[in-house]
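Working notes, structure below.
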Amino acid sequence: MAMIAGCIVYMTEYESWFALKGYKVEAQSQILERRLWEIFPQRCLTFWPYLIKDSKGIKEFLERDMPVIVETHMNSFGRFTTNIQWLSAWVKVDWRGKIWCISRDGRMWLFENGQPSDEGIHKLIWKIPEQGNVGDEVTIQAPLSGVFKSPLYTDTIASFIDEFQSFKWFEAANEIAWERRAGMDLFIVRITEGTQKFELFLQPGKYRGQDIGTAVEKLLSRLIQEGGNHTIDATYEGKIMLRGL
């Protein structure tokens, strides 16, 4: 009996020694903090070393479930802090009849499930194919909820923006459709100037971006003066095809 009593006292003191001494949650909103506590492992409260291991699972789960960045660190013996921030959206995407956001590191989620403010998001709406294979290496097999890897490469977006953002026609663009044709990126830029509408087809891999950008700038200036809606096909090397829209 004395041995049993001693074991009970020892276990009680052991659990008390390793009970979580302090846990601080620094969340950007109450929504994020509540979600964390909904999935927080209760075993970590009585034995804090579990949190060293479980914090990785917490991070992976929350970052799949919501557009957030989660980091946990131990401040001192048995005391931890978890920081949760909304993931910053970079561009918007029109896909499967809904608007999605993509972060600069390539994570994608429903616009309505992200940070309330859309400040800092590029004004252009990108459109990507609804389903199926859209290129040699890109196949859209993404879920319709949570956070997942974008089927549209962020380097592809960044390269296009960097190449053409200095032109006036790019500022007037309100939508860009992207797809793959013959192993190359194809961009269809939709531009509105007053009552006029233009569709610009570009394949930057076939020419220097600044050269074609300048040529399109001059052509658009002329077409705006003449009136009408036009398709400008700049996917040919050495020439631009023009037809009515």
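Position 1 is the first residue of the sequence, and the numbers go up from there. What you see is a predicted model; the values in this text were computed from it and never measured.
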Parallel, tilted or perpendicular, as decided by the 30° and 60° cut-offs, for the rings of Trp169 and Phe167: parallel

Take Asp185 and Arg180 through the side-chain contact (heavy atoms from CB on, under 4.5 Å) test and state the conclusion after the steps. CA-CA 5 Å; Asp185 291 318; Arg180 296 277 286 179; 3.1 Å; yes

Answer yes or no: is there a side-chain heavy-atom contact under 4.5 Å between Leu220 and Ile232? yes

Other residues, nucleotides, ligands: >12 heavy atoms within 6.0 Å of Ile31 CD1: no

Nearest heavy-atom pair of Leu242 and His230: which atoms, and what distance? CD1-CB, 3.9 Å

Flag yes if Ile52 and Leu45 sit in one hydrophobic cluster, no otherwise; membership is Ile, Leu, Val, Met, Phe, Trp, Tyr, and two members link when side-chain heavy atoms are under 4.5 Å apart. yes

Between Ile99 and Leu110, the two heavy atoms sitting closest are O-CD2, 3.8 Å

Shortest non-hydrogen pair, Val70 vs Lys59, comes out as O-NZ, 2.9 Å

Between Leu186 and Phe170, is there shared hydrophobic-cluster membership here, with clusters defined by ILVMFWY side-chain heavy atoms closer than 4.5 Å? no

In Å and rounded to the nearest 0.5 Å, what is the CZ to OG distance from Arg107 to Ser88? 11.0 Å

Nearest-0.5 Å distance, OG1 of residue Thr192 to CZ of residue Phe198: 9.0 Å

Atom pair CD1 (Ile58) and CG (Leu36), whose distance is rounded to the nearest 0.5 Å: 6.0 Å

Just by distance, do the side chain of Gln28 and the backbone of Trp86 share a donor-acceptor pair under 3.5 Å? yes

Rounded distance [0.5 Å steps], OG in Ser221 versus CD in Glu226: 11.0 Å

So which heavy atom on Arg104 is nearest to which on Ala158, and how close? NH2-CB, 3.4 Å

Between Asn229 (side chain only) and Lys197 (backbone N and O only), is there a donor and an acceptor less than 3.5 Å apart? yes

Heavy-atom pair of closest approach, residues Glu63 and Val147: O-CB, 3.4 Å

If you round to the nearest 0.5 Å, how far is CG of Leu223 from CD1 of Ile191? 10.5 Å

Would you say the ring centroid of Trp37 lies under 6.0 angstrom from that of Tyr23? yes

Any heavy-atom pair between the side chains of Asp105 and Thr154 that's under 4.5 Å? no

Measure up the Trp100 and Phe148 rings against each other and bin them: parallel (under 30°), tilted (30 to 60°), perpendicular (over 60°). perpendicular

If two hydrophobic side chains count as joined below 4.5 Å and joins carry through other members, does Met241 share a cluster with Val216? no

Please name the residue in the list Val189, Ile212, Ile176 that meets the side chain to side chain contact (heavy atoms under 4.5 Å, CB included) test with Phe164. Ile212

Met108 side, atom CE; Trp90 side, atom CH2 - distance, nearest 0.5 Å: 13.0 Å

Any side-chain heavy-atom pair of Glu38 and Arg35 under 4.5 Å: yes

Are Lys21 and Phe77 in a cation-pi setup, meaning NZ or CZ lies under 6.0 angstrom from the ring centre and within 45 degrees of the ring axis? no

Are Ile240 and Phe201 connected in a single hydrophobic cluster, I mean Ile/Leu/Val/Met/Phe/Trp/Tyr linked by side-chain heavy atoms less than 4.5 Å apart? no

Evaluate salt bridge (charged side-chain N to carboxylate O under 4.0 Å, His left out) for Glu171 paired with Lys168, printing each intermediate quantity in order. CA-CA 5 Å; Glu171 294 179 4; Lys168 292 180 180 179; over 6 Å; no

Would a hydrophobic clustering, with Ile, Leu, Val, Met, Phe, Trp and Tyr connected at side-chain separations under 4.5 Å, put Phe80 with Phe61? yes

Could you check whether the rings of Phe187 and Trp126 sit parallel, tilted or perpendicular, using 30° and 60° as the cut-offs? perpendicular

Identify the heavy atoms of Gly78 and Leu20 that sit nearest to each other, and give their distance. O-CD1, 3.6 Å

If you apply the rule side-chain contact (heavy atoms from CB on, under 4.5 Å), what do you find for Leu200 with Ile188, and how did you get there? CA-CA 5 Å; Leu200 171 61; Ile188 305 172; over 6 Å; no

Quick one, Phe160 and Leu202 - any side-chain contact, counting heavy atoms below 4.5 Å? yes

Heavy-atom side-chain proximity of Met74 to Trp48 below 4.5 angstrom: yes

